[in-house]
Amino acid sequence: MIELKNISVSFGKHQVLRNINMVFETGEVVGLVAPNGTGKSTLLNVMMNYLKPKQGEVIIEERKKYKSPKENSKIYQVISMMPDQNDLYDHLSGYEHLKLYQSMWKTKHLKIDELVKRLEMSHYVKKKVGSYSLGMKQRLCFAMQIMSDTKIMLMDEVMNGLDPNNVELISNVIIEKKEEGKTIIIASHLLENLEKYSDRIFFISGGNLELFLDKSQGYADDSTYIKLSHVNFETIQELFPSLYQVELNHHEMIIRVQDDEHLSETLATLISHEYNQFSVGHLSLPDAYQLKF
Ligand SMILES: Nc1ncnc2c1ncn2[C@@H]1O[C@H](COP(=O)(O)OP(=O)(O)OP(=O)(O)O)[C@@H](O)[C@H]1O
């Protein structure tokens, strides 16, 4: 469990985080979503104490705070940030990196060979990192964090450079770790993927965390949307002048309806005008992102 209390961060006059209050609970996966340069890494860096906020504090496991080197080193037994590819040593093998993490975090109970097999790294893990592709390094970085076995795991762009099979592989391990009770906070631009395993998803916007989805409660925006394909935006605007509608791209648009009565009326009108290619429901994360940013 990690709590953020009144966290504000500014770089000069640019305020990146504004008075953030949030608790990330034990055993949940939280997704952080925002365009480049909005504050995802800043927030994760504050949680790791790599960056001191202008105001506010981070509380880990209800009472631990970043106060002194001694206290901080205890906290780093509980929380970790996924290493960056730039943190890897070209002259060491992946296996040696994993050994190093295992000894640093004293996690002899975890079997390196099992993890290597699980992440399909067996064919390359004994080779030097200097010879790895982007995706091979990324899997190693993820494996290193799994090896640390901390209760809280922060991951910045965990799926960077991974092909669809590896995205699936890592997603499954994230779900397993969540089931073991880990708190996992992930900043990602892979929206459909993030939506699959996150318990809660927040947009970072205007320096604040805005809830998009809490799987135990539902969508923050509980309106119903009709998503239409292969339509002419102007024609639809003329048909429904009073309804909120947005063009997503050249051939897709959405209409928001307030209640079931409006929904039935709107669908009836669409069908009577021979518009049959639509779906009805909540906004998907990619569509909500497109509307928001
Ligand atoms: N050390 C710094 N000094 C000055 N400005 C900074 C510093 N670190 C971050 N910023 C600024 O803070 C803002 C947020 O940066 P941050 O790295 O948190 O974005 P991000 O959402 O993680 O982006 P990305 O998706 O590209 O990783 C950006 O405008 C960035 O330029």
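What you see is a predicted model; the values in this text were computed from it and never measured. Every number for a ligand or one of its atoms is a count from 1 in the order of the listing.
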If you have a sec, work out which protein heavy atom is nearest [atom] and how many Å separate them, to one decimal?
{"atom": "atom 27 (O) of ligand 1", "answer": "Ser41 OG, 3.7 Å"}
{"atom": "atom 29 (O) of ligand 1", "answer": "His14 CE1, 3.2 Å"}
{"atom": "atom 11 (C) of ligand 1", "answer": "Phe11 CD1, 3.7 Å"}

* **Atoms in ligand 1 flagged as close to His189, the criterion being non-hydrogen separation under 4.0 Å** =>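 So the atoms of ligand 1 that pass are 25 (O).
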
* With heavy atoms of Lys40 as the reference, note each atom of ligand 1 found under 4.0 Å away. =>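 Every atom of ligand 1 under 4.0 Å from some heavy atom of Lys40: 18 (O), 20 (P), 21 (O), 22 (O), 23 (O), 24 (P), 25 (O).
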
Under 3.5 Å between any N/O of [X] and any N/O of ligand 1: does that happen in this structure?
{"X": "Val16", "result": "no"}
{"X": "Gly37", "result": "yes"}
{"X": "Thr42", "result": "yes"}

* Close approach of Gly39 to ligand 1, heavy atoms, under 4.0 angstrom ->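 Gly39: in contact with ligand 1 (<4.0 Å).
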
* Asked: Between Tyr289 and Phe293, how do the two ring planes meet: parallel, tilted or perpendicular, split at 30° and 60°?
  ->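 Tilted: the ring planes of Tyr289 and Phe293 meet at 30° to 60°.
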
* **Phe202/Phe212 aromatic ring centres below 6.0 Å** =>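 No: the rings miss the under 6.0 Å criterion.
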
* Counting only N and O atoms by type, is there a donor-acceptor contact under 3.5 Å from the side chain of Thr224 to the main-chain atoms of Val257? ->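 Answer holds: no.
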
* Any sub-3.5 Å donor-acceptor pair from Tyr76's side-chain atoms to Met48's backbone N or O? ->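 Flag set: sc Tyr76 to bb Met48 pair under 3.5 Å.
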
* Asked: Does atom 2 (C) of ligand 1 have any protein heavy atom closer than 4.0 Å?
  ->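 Yes; the ligand atom in question has protein heavy-atom contact below 4.0 Å.
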
* Check whether any protein heavy atom sits under 4.0 Å from atom 31 (O) of ligand 1. =>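 It does not: no protein heavy atom is found less than 4.0 Å away from atom 31 (O) of ligand 1.
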
* Just how far is it from atom CG of Asn19 to atom NZ of Lys54, taken to the nearest 0.5 Å? ->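 NZ of Lys54 is found 10.0 Å from CG of Asn19.
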
* State the CD-CD1 distance between Glu247 and Ile254, to the nearest 0.5 angstrom. =>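 One finds 11.5 Å between CD of Glu247 and CD1 of Ile254.
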
* Indicate, with yes or no, if Phe24 and Ile184 share a hydrophobic cluster defined by side-chain heavy-atom contacts under 4.5 Å among Ile, Leu, Val, Met, Phe, Trp and Tyr. =>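 No, because Ile184 and Phe24 fall into different hydrophobic clusters, even though each may have its own neighbours under 4.5 Å.
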
* Asked: Between Asn36 and ligand 1, which residue portion shows a heavy-atom distance shorter than 4.0 Å: side chain, backbone, both, or neither?
  ->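 The part of Asn36 near ligand 1 is both the backbone and the side chain.
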
* Asked: Applying a 4.0 Å heavy-atom criterion (strictly less than), which segment of Pro35 is in contact with ligand 1: side chain, backbone, both, or neither?
  ->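 Within the 4.0 Å criterion, Pro35 contacts ligand 1 through backbone atoms alone.
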
* Check the pair Lys99 / Glu96 against salt bridge (Lys or Arg N to Asp or Glu O under 4.0 Å), numbers first and verdict last. => CA-CA 5 Å; Lys99 272 277 194 211; Glu96 285 166 321; over 6 Å; no

* Passing candidate, salt bridge (charged side-chain N to carboxylate O under 4.0 Å, His left out) with Glu28, options Arg200, Lys182, Lys151, Lys178 ->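 Of Arg200, Lys182, Lys151, Lys178, salt bridge (charged side-chain N to carboxylate O under 4.0 Å, His left out) with Glu28 is met by Arg200 alone.
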
